[in-house]
Amino acid sequence: MATRPGSIALLTFMVALGQMSLGLYLPSLPSLAQAIGATRGEAQLTLTVFLGGFAVSQLFWGPLADRFGRRITLLCGLVVYAAAGLACAQAHDIHELIVFRFFQALGACSGQVVARAMVRDSTEGAATAVVMSYIAMSMSLAPAITPALGGFLETQFGWRANFIALGAIGATLFVLTLARVPETLKTRVHDALSPIRIVRNYGTLLRDRTYVCYIVTVGGIFGAYMSYTTAAPFVLMEMLGWSPQAFGFLILFNVVAFLCGSILAGRLAPLYGARRMARIGTAIGFAGGVAMLVAPLLGHLSTPAVIGPAMVILVGMAFAIPNAMAGAMQNFPYIAGSASAFLGFSQMAQAMVASFAVGAIGGNIHLTMAGATLACTVASLTAAALLPRPKATPTPADTAANQVSSPPS
């Protein structure tokens with residue numbers, strides 16, 4: 001099922017739901033706040049709550065899909081996603097929007113978790129890597145296209161049009177899944193939802209120093225990216241005067257930086273291994289964080305001073321995140337599902353904290369963005385520095401990050 005071009009395209013859309021749900025409405029954040037009488041911090045909370053819902057639900061969609069099957073779990077998630085998107089478009093105040101964004105995150109997460117499980121069900125070995133690389137490469141287009149499309153919809157139809165579009169995407173994916181996606185799970189795990197089993201698996205992971213250092217490495221540098229993402233619409237549009245459409249096109253610089261970093265990282269990973277690549281990536285990210293803070297400390301505000309350091313951080317992400325993920329997973333083949341779920345939860349939870357901090361601190365949003373970004377890169381750099389040496393010669397898992405990946409959501 002997963003190896004056909006049409007199936008790969010469908011699975012790519014499923015995995016990219018989170019990215020689309022973030023990128024499409026970013027250009028609307030300032031006008032959204034103004035239209036419904038919300039403060040900047042309240043508008044940013046719609047992004048923070050989405051990250052929180054996405055983080056928490058990762059811990060449950062996997063076990064649900066193992067217990068009841070991939071297809072029915074995915075269909076339920078898509079119903080929630082489509083309904084929440086349309087509800088967001090009808091929100092009368094910021095409080096309703098925040099609640100509906102949480103449910104939208106729950107539905108979006110099902111697409112990512114279940115689609116990846118379907119790939120594992122349908123392929124083995126090298127074939128799995130090939131399909132996942134196709135999905136990753138295709139997903140690189142999502143952060144390039146969605147902000148530009150969101151800026152166009154915002155300019156032509158207003159902020160509600162972005163959520164209508166997301167609801168329509170969810171409804172379309174539901175119909176396609178109902179018509180074309182078969183059940184891929186061969187044997188259901190009847191105790192997958194057992195609290196004792198879940199807690200035991202997560203306890204095993206958290207007692208492993210290598211795993212903990214890797215997940216903080218991932219979450220820290222992704223948190224830096226989300227600190228920038230949370231504040232950038234207000235810095236670039238409110239303070240620097242860029243239009244929503246122009247903002248969407250400015251995001252292309254970030255995408256180019258990440259893709260170039262991914263290509264370079266793919267070539268270097270076989271030579272240096274996961275641990276060293278994670279350290280190099282976090283060092284690059286830290287340099288970007290320092291550069292991000294210099295401008296507001298000097299009282300300088302310009303588009304290059306915002307976009308340039310962000311591009312450096314994204315190059316660091318391209319080095320650090322795929323390799324840190326590979327390193328985190330390599331010692332737990334027997335509980336790979338739990339290891340993957342908790343890794344995703346930790347990544348999004350740390351990003352949620354960073355995003356919340358940017359919205360809650362307030363004040364000079366440029367300075368707040370830069371300070372939060374630097375703090376996250378420091379956490380990531382420290383965790384990577386504390387990584388213990390591998391007990392054995394690096395395995396092929398260390399080079400799993402050769403795939404070109406897209407900025408995570």
Side-chain angles (χ1 to χ4, degrees), residues 1-24 54 57-58 60-87 89 103-146 149 162-189 192 337 340-341 344 403-406 408-409:
M1 175 260 178
T3 56
R4 297 193 299 268
S7 297
I8 292 175
L10 183 57
L11 292 173
T12 298
F13 270 99
M14 302 291 188
V15 175
L17 279 178
Q19 284 190 18
M20 290 189 291
S21 303
L22 289 172
L24 197 68
F54 206 94
S57 57
Q58 292 204 46
F60 301 102
W61 282 118
L64 284 170
D66 289 340
R67 173 63 182 86
F68 298 107
R70 315 301 193 206
R71 189 170 183 268
I72 186 63
T73 302
L74 182 57
L75 288 170
C76 291
L78 290 172
V79 168
V80 172
Y81 180 80
L86 296 176
F103 284 100
Q104 189 179 43
L106 299 186
C109 188
S110 71
Q112 182 174 106
V113 172
V114 179
R116 286 175 174 169
M118 285 180 161
V119 173
R120 290 196 299 270
D121 294 339
S122 307
T123 59
E124 293 183 5
T128 301
V130 169
V131 174
M132 290 304 295
S133 67
Y134 284 147
I135 291 175
M137 291 174 68
S138 300
M139 280 180 62
S140 299
L141 297 174
I145 294 172
T146 51
L149 177 59
N162 286 311
F163 291 110
I164 293 173
L166 291 173
I169 289 171
T172 302
L173 290 176
F174 175 86
V175 173
L176 291 175
T177 300
L178 195 63
R180 298 193 55 183
V181 176
E183 178 58 63
T184 60
L185 182 63
K186 296 179 176 63
T187 304
R188 296 184 182 184
V189 182
S340 177
Q403 304 171 13
V404 176
S405 57
S406 64
S409 62

| field | Closest heavy-atom pair and its distance - Gly107, Ser110 | value | O-OG, 2.6 Å
| task | Could you tell me whether the side chain of Leu64 reaches within less than 4.5 Å of the side chain of Val114, counting heavy atoms only? | result | no
| query | Out of curiosity, Ile145 CD1 to Leu24 CG, how far, rounded to the nearest 0.5 Å? | reply | 11.0 Å
| request: Please round to the nearest 0.5 Å and tell me the distance separating atom CZ of Phe54 and atom CG of Leu106. | output: 10.0 Å
| task | Please collect all salt bridge (Lys or Arg N to Asp or Glu O under 4.0 Å) contacts where either partner lies in residues 70-81, sequence neighbours excluded, each pair once. | result | Asp66-Arg70, Arg70-Asp121
| Going from CG on Leu78 to OG1 on Thr172, what distance comes out if it is rounded to the nearest 0.5 angstrom? | 10.5 Å
| field | Where Gly170 and Ala82 come nearest, the two heavy atoms and their spacing | value | C-CB, 3.9 Å
| task | Taking the side chain as every heavy atom from C-beta outward, state whether Phe13 and Met20 have any pair of such atoms under 4.5 Å apart. | result | yes
| remark: From the list Leu10, Leu185, Leu11, side-chain contact (heavy atoms from CB on, under 4.5 Å) with Met118 holds only for Leu11
| For Leu17 against Ser21, the heavy-atom pair lying closest together | O-OG, 2.7 Å
| query | Does a side-chain heavy-atom distance below 4.5 Å link Cys76 with Phe68? | reply | no
| said: Just so I know, are the side chains of Met14 and Leu173 near enough to count as touching, which here means a heavy-atom distance under 4.5 Å? | reply: yes
